[in-house]
Amino acid sequence: ETSYNTVIADLGHAMEIDLASEVFREMGERGIAPSVVTYNSLLSVYEKAGAVDMAFNLLDEMYASGVKPDEISYGSSISCCAKGKEWEKSLALLVRMHQEHLQPNLYCINAAIHACGLAGVNQKAEALLEVAVKTGLEPDLYSYNNLAMAHINGGDPEQALEVLDRMRENGIDPDVFTYGTLLCICEGPEGLDRALGLLDEMREAGIPMNVVCYTAAITACNKSQRTDISWQLWKQMNKEGIKPN
RNA sequence: CUAUUAACUAAG
């Protein structure tokens, strides 16, 4: 059984959705009973595909066959809703967890924040952060980074930038993902200054740049028609030994 | 043995 679990999860990482489902079916045909881990592995496959309906069906199947979904099952399913752009369903799953007397952990909440973030429903994302705190969870980098994305997609760049201070106040240091996210909101001439300011902040904080950040910054320059600065950044990137992709 | 985050690229 453990072999099957591993294979299914690995096929998921390789994005071999159909193969993974096939292996799962074959397992049943050979009379091997799937465990929670088996189901969770398959759920993680659906998650990567954003196959929301299949994930929901599998959850039902778990209950039907007497295998109780756990936090990981729900975490994967919620993340599946994010990838499938179904933020309302991700919230519905949190409600369902509550009904099943399961306490959502940070994975679940963060995935839901991500789902809301992609959809730009930033007030829901804020509400989720509150839920986390109220239930005794400590929001982490994922929580705040996803929250910043929610504000960006929600059309509120100012609030996105405020997330920087809010996380520091709570003892979470922004990382390369945080800045990578924020660099995306730098459109127009004033946005360019913000982008360069963020780059300085990163330097001061000793956060190493990567390709994503450079690409985001360069994109910001291009949107502001400042190809001269794009070029400077490009040279700097090469000087730091970061390979373009 | 299983789960959560950023850029560019395609479509529009």
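Below, read A as the first sequence line, B as the second, and so on, with proteins coming before strands; counting in each chain starts at 1.
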Query raised in the report: Donor-acceptor pair under 3.5 Å: do we get one between A:N110's side chain and the base of B:A3?
Result: no
Query raised in the report: Hey, does A:E1 reach any base, or is it just sugar-phosphate, or nothing, if we go heavy atoms under 4.0 Å?
Result: nothing
Query raised in the report: Base, sugar-phosphate, or nothing: which does A:V176 touch, judged by heavy atoms less than 4.0 Å apart?
Result: base
**Report entry** For atom CD1 of A:I78 and atom C1' of B:U5, their distance in whole Å
**Finding:** 15 Å
Report task. Send over the distance from A:N40 CG to B:U4 C1', rounded to a whole Å. Result -> 14 Å
**Report entry** Separation of B:C1 P from A:I72 CD1 (nearest whole Å)
**Finding:** 12 Å
Query raised in the report: Can A:Y214 be called stacked on B:A7 when the rule is centres closer than 5.5 Å and an angle between planes below 30°?
Result: no
Requested in this report: Specify the separation, in whole Å, of atom CG of A:D173 and atom P of B:U5.
Outcome: 21 Å
Requested in this report: Just compare B:A3, B:A7, B:A6 and give me whichever is closest to any side-chain atom of A:M149.
Outcome: B:A6
Requested in this report: When you get a sec, tell me which of B:U2, B:U5, B:C1 is the closest nucleotide to the side chain of A:Y142?
Outcome: B:U5
Requested in this report: Could you tell me whether A:E29 and A:R25 have a side-chain N and a carboxylate O separated by less than 4.0 Å?
Outcome: no
Report task. Identify which nucleotide among B:A3, B:U5, B:U2 has an atom closest to any side-chain atom of A:N145, counting heavy atoms from C-beta outward. Result -> B:U5
Report summary line: From NE2 of A:H114 across to C1' of B:U4 the rounded distance in Å is 8 Å
Report summary line: When rounded to whole Å, the CE to C1' distance for the pair A:M209 and B:A6 reads 12 Å
Query raised in the report: Could A:E158 and A:R194 be called an ion pair, given the rule that one side-chain N must be under 4.0 Å from one carboxylate O?
Result: yes
Report task. May I ask you to verify if any side-chain N or O of A:H13 is less than 4.0 angstrom from the OP1 or OP2 atom of B:A3? Result -> yes
Report summary line: Separation of B:A6 atom P from A:L161 atom CG, nearest Å, is 18 Å
Query raised in the report: Between A:R96 and A:D60, does at least one N-O distance fall below 4.0 Å, as a salt bridge requires?
Result: yes
Requested in this report: Kindly point out which of B:A6, B:A7, B:C1 is positioned nearest to the side chain of A:A216?
Outcome: B:A7
Report summary line: Among B:A6, B:C8, B:U4, the one nearest any side-chain atom of A:Y107 is B:U4
Query raised in the report: Separation of A:L118 atom CG from B:U4 atom P, in whole Å?
Result: 14 Å
Query - Heavy-atom neighbours of A:E1 CD exceed 12 at 6.0 Å - result: yes
Query raised in the report: Got a sec, which pairs hit side chain to side chain donor-acceptor pair (under 3.5 Å) with one end in residues 198-222 of chain A, sequence neighbours left out?
Result: A:R168-A:E201, A:Y179-A:E201, A:Y214-A:Q236, A:Y214-A:E240, A:N222-A:S230
**Report entry** Phosphate OP1/OP2 of B:U5: any A:K83 side-chain N/O under 4.0 Å
**Finding:** yes
Query raised in the report: In terms of side-chain heavy atoms of A:N210, which of B:A6, B:C1, B:U2 is nearest?
Result: B:A6
Query raised in the report: What nucleotide, of B:A7, B:C1, B:A3, holds the atom closest to the side chain of A:T215?
Result: B:A7
Query raised in the report: What residues join A:L118 in its hydrophobic cluster, counting side-chain heavy atom gaps under 4.5 Å, either direct or through other members?
Result: A:M149
Report task. Give the nucleotide from the list B:U4, B:C1, B:U2 with an atom nearest to the side chain of A:T2. Result -> B:C1
Query raised in the report: For the side chain of A:N5, counting heavy atoms from C-beta on, which of B:A7, B:C1, B:U4 is nearest?
Result: B:C1
Query - Sugar-phosphate only, base, or nothing, as touched by A:N105 at under 4.0 Å among non-hydrogen atoms - result: base
